[in-house]
Amino acid sequence: MIFGALDEHSIAWKIAEKAAAQGAKLTLTNAPVAMRFGEIYKLGEQLGAEVIPADATEVGEMEDLFAKSMEIFGGKKIDFVLHSIGMSLNVRKKKEYTDLNYEWMMKSLDVSAISFHKMMQVLYKMDAMSDWGSIVGLSYIAAQRTFPDYSEMAEAKALLESFARSFGYHFGVRNKVRVNTISQSPTVTTAGSGVKGFAEFFSYADKMSPLGNASAETCADYCISLFSDLTRMVTMQNLFHDGGFSNMGMSPAILDWNPGAAKAE
Ligand code: NAI
C-alpha cells in the first residue's frame with residue numbers, strides 16, 4: 001500500500017515502480033484533491049494497481065481505504081505500507097517562521113505527521129498488517145538540525161519520527177511489525193521544490209555529501225530493502241539515506257562553491 005504518488009517526480013512514484021518490479025501486488029492512494037491531475041491513474045494502469053482516493057487526515061476514509069485494499073488482496077493482510085506525505089500551509093503561503101499562522105500549523109502537522117499515527121492506529125485496530133510486515137515514513141534531517149527555510153516542517157518531521165518509535169513499540173510487541181523512517185536527501189519533487197531557496201539547498205547538500213545527494217530512485221531501492229524480509233530486525237529507527245550528509249562537519253567542496261550558480265545548475 002503506497003501513499004503519496006502525485007506525479008512521476010514523487011518519491012512514492014519511484015517506490016511503487018520498484019516494488020511492482022520486485023513482484024509486489026500494490027494499491028495506491030492519495031488525497032482526493034491530488035486525483036484531479038490524474039497522473040496517479042497512469043501509474044495505477046502501468047503497474048496494474050488499483051487507486052483508492054483517501055484523505056490521510058480522515059480516520060473514516062482510512063478505515064474504508066484499508067478495508068478495500070484487503071478486499072483487493074483477496075482478504076489477505078497488508079505486508080508493507082509507505083507514508084510519503086508532506087505539506088506545509090505556512091511554507092506554501094510564504095509565512096516567516098517568526099510569524100506563523102497557528103491554524104495553518106495545525107493543518108500542516110495533521111497532514112505531515114499526525115496522519116502517520118492515524119494510519120498506524122487504523123491498521124492496528126483493524127489488525128490489517130501481516131506479522132513481520134513493514135511500515136515506512138519519509139523524513140528529513142531538519143528534524144534534528146536547523147534549516148531555517150524548512151520552517152514548521154522541521155517540527156512535523158520530528159513528530160513523524162517520534163511516532164515511528166512510539167508506534168513501533170506497540171506494533172512490534174503485538175505483530176512483529178517494523179516501523180521506521182527514512183531521512184532522505186533533498187529531492188526535486190513538488191513538495192521539495194516548494195521550500196524557499198530549494199536550488200541552493202539542494203546544491204549545498206550535494207556538495208557536502210561525499211556520495212552526493214541520494215536520488216528518489218536510490219531512496220526507492222533502500223525502501224524496498226526495508227519492506228523485504230532482509231531487514232526483519234530493524235525497527236523504531238530514523239535511517240539516514242543522504243550520501244553521508246548527516247555525519248559531515250565541513251567539506252572542502254563547499255569552499256570552492258559559488259551558491260549564486262546553484263540556481264542555474
Ligand atoms: P510530493 O509532492 O510528490 O508528495 C507529497 C504527497 O503528499 C503528494 O502526493 C500529496 O498529494 C500528498 N498529500 C498531501 N496532503 C495529503 C492528504 N491530506 N492525504 C493524503 N495525501 C496527501 O513530494 P515528495 O518529495 O515525494 O514527498 C514525499 C515525502 O518525502 C514527504 O513526506 C516529504 O516531506 C518527504 N521528503 C521529501 C524530500 C524532498 O526534498 N523532496 C526530502 C526528505 C523527505
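What's counted below: heavy atoms across the whole structure, side chains too, no hydrogens, waters or symmetry copies. Both counts, for ligands and for their atoms, begin at 1 and track the order of listing.
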Considering only NZ, NE, NH1 and NH2 on the basic side and carboxylate oxygens on the acidic side, decide whether Lys42 and Glu39 come within less than 4.0 Å.
yes
Could you verify whether a donor N or O on one side chain and an acceptor N or O on the other, from Ser115 and His83, lie under 3.5 Å apart?
yes
Do Glu161 and Ser139 pair up side chain to side chain, a donor and an acceptor below 3.5 Å, judged on atom types alone?
yes
Assess whether a salt bridge exists between Asp131 and Lys77, defined as any Lys/Arg side-chain N lying under 4.0 Å from an Asp/Glu carboxylate O.
no
If we number the atoms of ligand 1 from 1 as shown, the ones under 4.0 Å from a heavy atom of Asp55 are 17 (C), 18 (N), 19 (N)
Between Phe167 and Met119, is the side-chain contact (heavy atoms from CB on, under 4.5 Å) condition met? List the steps.
CA-CA 11 Å; Phe167 226 120; Met119 183 194 101; over 6 Å; no
Return the closest protein heavy atom for atom 27 (O) of ligand 1 as residue, atom name and distance.
Ala191 CB, 4.1 Å
With heavy atoms and a 4.0 Å threshold, my read on which part of Ala34 contacts ligand 1 is side chain
Does a donor on one side chain and an acceptor on the other come within less than 3.5 Å for Asp242 and Ser185?
no
To which of Ser139, Gly192, Ala31, Gly86 does the heavy atom nearest atom 36 (N) of ligand 1 belong?
Ser139
By number and element, which atoms of ligand 1 are closer than 4.0 Å to a non-hydrogen atom of Pro186?
40 (O)
Test of proximity, Thr57 against ligand 1: N or O pairs below 3.5 Å
no
Under 3.5 Å, side chain of Arg145 to main-chain N/O of Ala142, donor-acceptor pair present?
no
Closest approach of any protein heavy atom to atom 19 (N) of ligand 1, naming residue and atom
Ala56 N, 3.0 Å
Considering the heavy atoms of Gln184, write down every atom of ligand 1 situated less than 4.0 Å from one of them.
42 (C), 43 (C)
Is the closest side-chain heavy-atom distance between Val179 and Met120 below 4.5 Å?
yes
Is there side-chain contact between Asp99 and Asn90, with heavy atoms separated by less than 4.5 Å?
no
Specify the protein heavy atom at minimum distance from atom 26 (O) of ligand 1: its residue, its atom name, and the distance to 0.1 Å.
Ile11 N, 2.9 Å
Are side-chain N/O atoms of Thr27 and Glu50 paired as donor and acceptor at under 3.5 Å?
no
re atom 22 (C) of ligand 1, the protein heavy-atom contact at minimum distance is Ile85 CG2, 3.6 Å
Ring centres under 6.0 Å, that's the criterion: do Phe147 and Tyr140 meet it?
yes
Pull out every atom of ligand 1 sitting under 4.0 Å from any heavy atom of Leu138, numbered as shown with elements.
29 (C), 30 (O), 32 (O), 35 (C)
Where the side chain of Ser228 meets the backbone of Ser225, is there a donor-acceptor pair that is under 3.5 Å apart?
yes
Identify the protein heavy atom lying closest to atom 40 (O) of ligand 1, giving its residue, its atom name and the separation to 0.1 Å.
Thr187 N, 2.7 Å
closest protein heavy atom to atom 28 (C) of ligand 1 is Ser84 OG, 3.0 Å
Would one find an N or O of Ser10, backbone or side chain, under 3.5 Å from an N or O of ligand 1?
yes
Polar contacts were defined as any N/O atom of the residue lying under 3.5 Å from an N/O atom of the ligand; does this apply to Phe198 and ligand 1?
no
Numbered atoms and elements of ligand 1 in range of Thr190, under 4.0 angstrom, heavy atoms:
2 (O)
Could you pull out, from Met62, Met87, Lys157, the option with a heavy atom nearest to atom 34 (O) of ligand 1?
Lys157
Short version for Ser183: what comes under 4.0 Å of ligand 1, heavy atoms counted, is neither
Do Thr57 and Asp55 meet the criterion of a side-chain donor-acceptor pair at a distance under 3.5 Å?
yes
Can you tell me which residue and heavy atom of the protein come closest to atom 25 (O) of ligand 1, and the distance to 0.1 Å?
Thr189 OG1, 2.5 Å
Do Asp79 and Ser134 pair up side chain to side chain, a donor and an acceptor below 3.5 Å, judged on atom types alone?
no
Is ligand 1 less than 4.0 angstrom away from at least one heavy atom of Ser185?
yes
Non-hydrogen atoms of Glu58 versus ligand 1: any pair closer than 4.0 Å?
no
Polar contact flag, side-chain donor to acceptor under 3.5 angstrom, Thr218-Ser215:
yes
Considering only the protein, which heavy-atom contact is closest to atom 12 (C) of ligand 1, and what is its distance?
Asn30 OD1, 3.5 Å
Heavy atom under 4.0 Å from ligand 1: found in Val111's side chain, backbone, both, or neither?
side chain
Side chain, backbone, both or neither: Ala216 near ligand 1, heavy atoms under 4.0 Å:
neither
For ligand 1, indicate whether the residue His9 contacts it via side chain, backbone, both or neither (heavy-atom separation under 4.0 Å).
neither
Could you list the atoms of ligand 1 found under 4.0 angstrom from a heavy atom of Gly4?
4 (O), 6 (C), 8 (C), 9 (O)
